[in-house]
Amino acid sequence: MRRLALTLVLVAGFALPGTAAGSQLIARDARDVTLRVNAKGQALLGYTAKGKRWDVLAWGAINAVHPSPDRRQVAFRLDYSGGWATYRKTLSRSFRNACGRYAGPELAWFVAGCTMPDGSHWAVQSWQRGLPNLGFEPWKPLQGARELRLSRWSTELPKLELFTNWAYSKRFHHVFGRFSWLGQPVYGFGATTKGSPTDSFGRNIYVDTLNSAYGPGWRRENSFLAHHGTGVFCYGFYPHDPYPGYPAGGRRPEGKGERYRATAIGPGVMPDVTWEGAAPVTYDEGLDRQLVEAQRTLYAGDKLCKPV
């Protein structure tokens with residue numbers, strides 16, 4: 001059954017790009033990236049950014065924990081002095097790598113990775129999380145930056161399920177789905193009025209559209225929260241007015257494209273995961289009915305998304 005979707009009247013919790021935890025953010029617009037991990041489970045991540053060479057020591061976290069209001073999500077401890085703040089010496093020259101060739105699952109946005117003798121994995125990914133919504137070109141420096149993100153894990157990857165379909169007289173495209181890890185939903189306990197998580201558990205889904213009314217190539221359509229308690233999300237490709245603080249220019253067209261792509265930052269220090277698929281083309285009434293039923297099952301317990 002073709003994947004992708006229907007949704008609520010409008011999606012709940014649009015997110016304007018802001019900060020995000022998870023697969024941990026190390027730097028922006030980095031190049032010449034190297035990754036070494038010693039037998040103690042400490043990573044030394046090297047890269048060039050802001051006109052200089054950096055060695056960042058990272059340790060103290062693996063995988064994630066399921067959402068809980070009584071604890072924080074796991075996170076790396078970071079030493080941007082290359083070990084000096086921790087050991088009163090820099091480690092780059094003496095650092096002994098114990099991490100072999102990467103043998104983990106395929107990852108989107110992959111830059112570097114390795115696999116430890118115990119079968120656990122480290123990876124570095126880089127992508128443009130902060131792009132403005134509604135197909136706008138970046139107008140602030142950080143909006144177009146590529147974030148360098150570090151992860152470490154020993155379990156199966158988080159699961160980003162996505163489905164597509166038609167809605168409202170078969171004109172509009174919709175997406176719906178669920179974000180989970182080890183069978184449990186990924187979600188947070190609070191968010192700003194702009195849809196950015198306010199705790200270490202919340203995650204946004206970042207949706208891109210290819211060759212749309214916004215222009216050729218991939219453009220950021222929108223970003224929104226995985227819902228509290230369920231990890232469910234839903235979104236319609238409708239015309240939108242620009243958000244507060246966005247450039248003026250009138251109502252934005254619907255971002256219907258040839259293909260869609262969604263990315264979510266992994267929970268804890270799990271890798272970021274991506275879904276990509278073709279947009280629906282010819283209306284299929286039978287498939288549409290099946291997907292409406294699929295929504296009823298998926299939305300059980302979710303108060304924000306409803307089958308359409």
Item to complete: Please step through side-chain contact (heavy atoms from CB on, under 4.5 Å) for the pair Arg261 and Trp218, ending with a clear verdict.
Response: CA-CA 9 Å; Arg261 178 176 67 192; Trp218 288 104; 3.5 Å; yes

Practice prompt. Apply side-chain contact (heavy atoms from CB on, under 4.5 Å) to the pair Arg36 and Ser92, showing each step before the final yes or no.
Written response: CA-CA 10 Å; Arg36 293 178 286 168; Ser92 182; 3.4 Å; yes

Among the clusters formed by ILVMFWY side chains lying less than 4.5 Å apart, do [X] and [Y] turn up in the same one?
{"X": "Tyr80", "Y": "Val33", "result": "yes"}
{"X": "Val269", "Y": "Val111", "result": "yes"}
{"X": "Leu57", "Y": "Trp84", "result": "no"}
{"X": "Leu210", "Y": "Leu162", "result": "no"}
{"X": "Leu91", "Y": "Leu150", "result": "no"}

For the student: nearest non-hydrogen atoms of [X] and [Y], plus distance:
{"X": "Val308", "Y": "Ala167", "result": "CG2-CB, 4.0 Å"}
{"X": "Pro158", "Y": "Pro271", "result": "CG-O, 4.0 Å"}
{"X": "Leu45", "Y": "Thr34", "result": "CD1-O, 3.2 Å"}
{"X": "Gln42", "Y": "Phe95", "result": "O-CZ, 3.2 Å"}
{"X": "Leu78", "Y": "Ala58", "result": "CD2-CB, 3.6 Å"}
{"X": "Lys256", "Y": "Phe237", "result": "N-CD2, 4.3 Å"}

Worksheet entry | side-chain hydrogen bond (donor to acceptor under 3.5 Å, both in side chains) partners of residues 57-66, not counting sequence neighbours, each pair once | Asn63-Ser154

Discussion item. Within 45 degrees of the ring normal and closer than 6.0 Å to the centroid, is that where the cationic atom of Arg146 sits relative to Trp127?
Written reply: no

Item to complete: Measure from NZ or CZ of Arg71 to the centre of the six-membered ring of Phe201, then state whether that distance is under 6.0 Å and the direction lies within 45° of the axis.
Response: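 Judged by the rule (NZ or CZ under 6.0 Å from the ring centre, within 45° of its axis), Arg71 is not positioned above Phe201.
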
Checking the side chain of [X] only, and the main-chain atoms of [Y] only, is there a donor and an acceptor separated by less than 3.5 Å?
{"X": "Gln143", "Y": "Trp139", "value": "yes"}
{"X": "Thr115", "Y": "Gly119", "value": "no"}
{"X": "Ser68", "Y": "Asp70", "value": "yes"}
{"X": "Gln24", "Y": "Phe76", "value": "yes"}
{"X": "Thr209", "Y": "Gly255", "value": "yes"}
{"X": "Gln73", "Y": "Val65", "value": "yes"}
{"X": "Asp288", "Y": "Asn165", "value": "no"}
{"X": "Arg252", "Y": "Pro239", "value": "no"}
{"X": "Asp302", "Y": "Val232", "value": "no"}
{"X": "Arg203", "Y": "Gly266", "value": "yes"}

Worksheet item: So does Arg149 pair up with Asp272, basic N to acidic O under 4.0 Å?
Response: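 Yes, this pair counts.
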
Discussion item. Could you check whether Arg220 pairs with Asp208 (Lys NZ or Arg NE/NH1/NH2 to Asp/Glu carboxylate O, under 4.0 Å)?
Written reply: yes

Worksheet item: Strictly by modelled atom types, are Trp109 and Thr274 linked by a side-chain donor-acceptor pair under 3.5 Å?
Response: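 Result is yes, a qualifying pair exists.
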
Practice prompt. Walk me through it: do Arg289 and Glu285 pass the test salt bridge (charged side-chain N to carboxylate O under 4.0 Å, His left out)?
Written response: CA-CA 6 Å; Arg289 285 198 299 266; Glu285 185 175 357; 3.4 Å; yes

With heavy-atom distances below 4.5 Å as the criterion, would you say the side chains of [X] and [Y] are in contact?
{"X": "Glu293", "Y": "Thr297", "value": "no"}
{"X": "Phe233", "Y": "Cys305", "value": "no"}
{"X": "Leu160", "Y": "Ile205", "value": "yes"}
{"X": "Pro247", "Y": "Pro242", "value": "no"}
{"X": "Trp122", "Y": "Leu35", "value": "yes"}
{"X": "Val56", "Y": "Tyr47", "value": "yes"}
{"X": "Pro307", "Y": "Tyr299", "value": "yes"}

Distance check, rounded to the nearest 0.5 Å: [X] atom [atom1] versus [Y] atom [atom2]?
{"X": "Thr86", "Y": "Asp79", "atom1": "OG1", "atom2": "CG", "value": "3.5 Å"}
{"X": "Ile26", "Y": "Arg28", "atom1": "CD1", "atom2": "CZ", "value": "11.5 Å"}
{"X": "His240", "Y": "Leu134", "atom1": "NE2", "atom2": "CG", "value": "6.0 Å"}
{"X": "Thr230", "Y": "Leu298", "atom1": "OG1", "atom2": "CG", "value": "8.0 Å"}
{"X": "Cys234", "Y": "Phe224", "atom1": "SG", "atom2": "CZ", "value": "8.0 Å"}
{"X": "Arg31", "Y": "Ser126", "atom1": "CZ", "atom2": "OG", "value": "13.0 Å"}

For a quick test of your reading: what N or O donor-acceptor pairs under 3.5 Å do the side chains of residues 97-108 make, sequence neighbours left out?
from	atom 1	to	atom 2	distance (Å)
Asn97	OD1	Val37	N	2.9
Asn97	OD1	Cys99	N	3.3
Asn97	ND2	Cys99	O	2.9
Tyr102	OH	Pro105	O	2.5

Practice prompt. Give the C-alpha distance, both sets of side-chain angles, the deciding distance and a yes or no for side-chain contact (heavy atoms from CB on, under 4.5 Å) between Arg171 and Glu254.
Written response: CA-CA 10 Å; Arg171 173 185 173 187; Glu254 59 183 278; 3.2 Å; yes

Worksheet item: For Arg259, does the CZ atom have more than 12 heavy-atom neighbours from other residues, nucleotides or ligands under 6.0 Å away?
Response: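 Yes, the 6.0 Å shell around CZ holds more than 12 heavy atoms from other groups.
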
Practice prompt. Answer yes or no: does atom CZ of Arg72 have more than 12 heavy-atom neighbours from other residues, nucleotides or ligands under 6.0 Å?
Written response: no

Discussion item. Let's go through Arg53 and Asp32 carefully: what are the C-alpha distance in whole Å and the side-chain angles of both, what is the deciding distance for side-chain contact (heavy atoms from CB on, under 4.5 Å) to 0.1 Å, and is it a yes or a no?
Written reply: CA-CA 9 Å; Arg53 187 69 184 172; Asp32 303 326; 3.5 Å; yes

Fill in: Residue from Tyr235, Tyr206, Tyr260 passing side chain to side chain donor-acceptor pair (under 3.5 Å) with Glu221
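For Glu221, the side chain to side chain donor-acceptor pair (under 3.5 Å) test succeeds with only one of Tyr235, Tyr206, Tyr260, which is Tyr235.
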
Which atom pairs, one a donor and one an acceptor, fall under 3.5 Å between side chains of residues 178-191 and the rest of the protein, sequence neighbours left out?
from	atom 1	to	atom 2	distance (Å)
Arg178	NE	Glu161	OE2	3.0
Arg178	NH2	Glu161	OE2	3.2
Trp181	NE1	Thr155	OG1	3.1
Trp181	NE1	Glu156	O	3.4

Worksheet entry | From CA spacing to verdict: side chain to side chain donor-acceptor pair (under 3.5 Å), Asn204, Ser223 | CA-CA 6 Å; Asn204 290 128; Ser223 46; 5.8 Å; no

Practice prompt. Assign the ring pair Tyr246 / Tyr243 to parallel, tilted or perpendicular, where the plane angle (0 to 90°) is split at 30° and 60°.
Written response: perpendicular

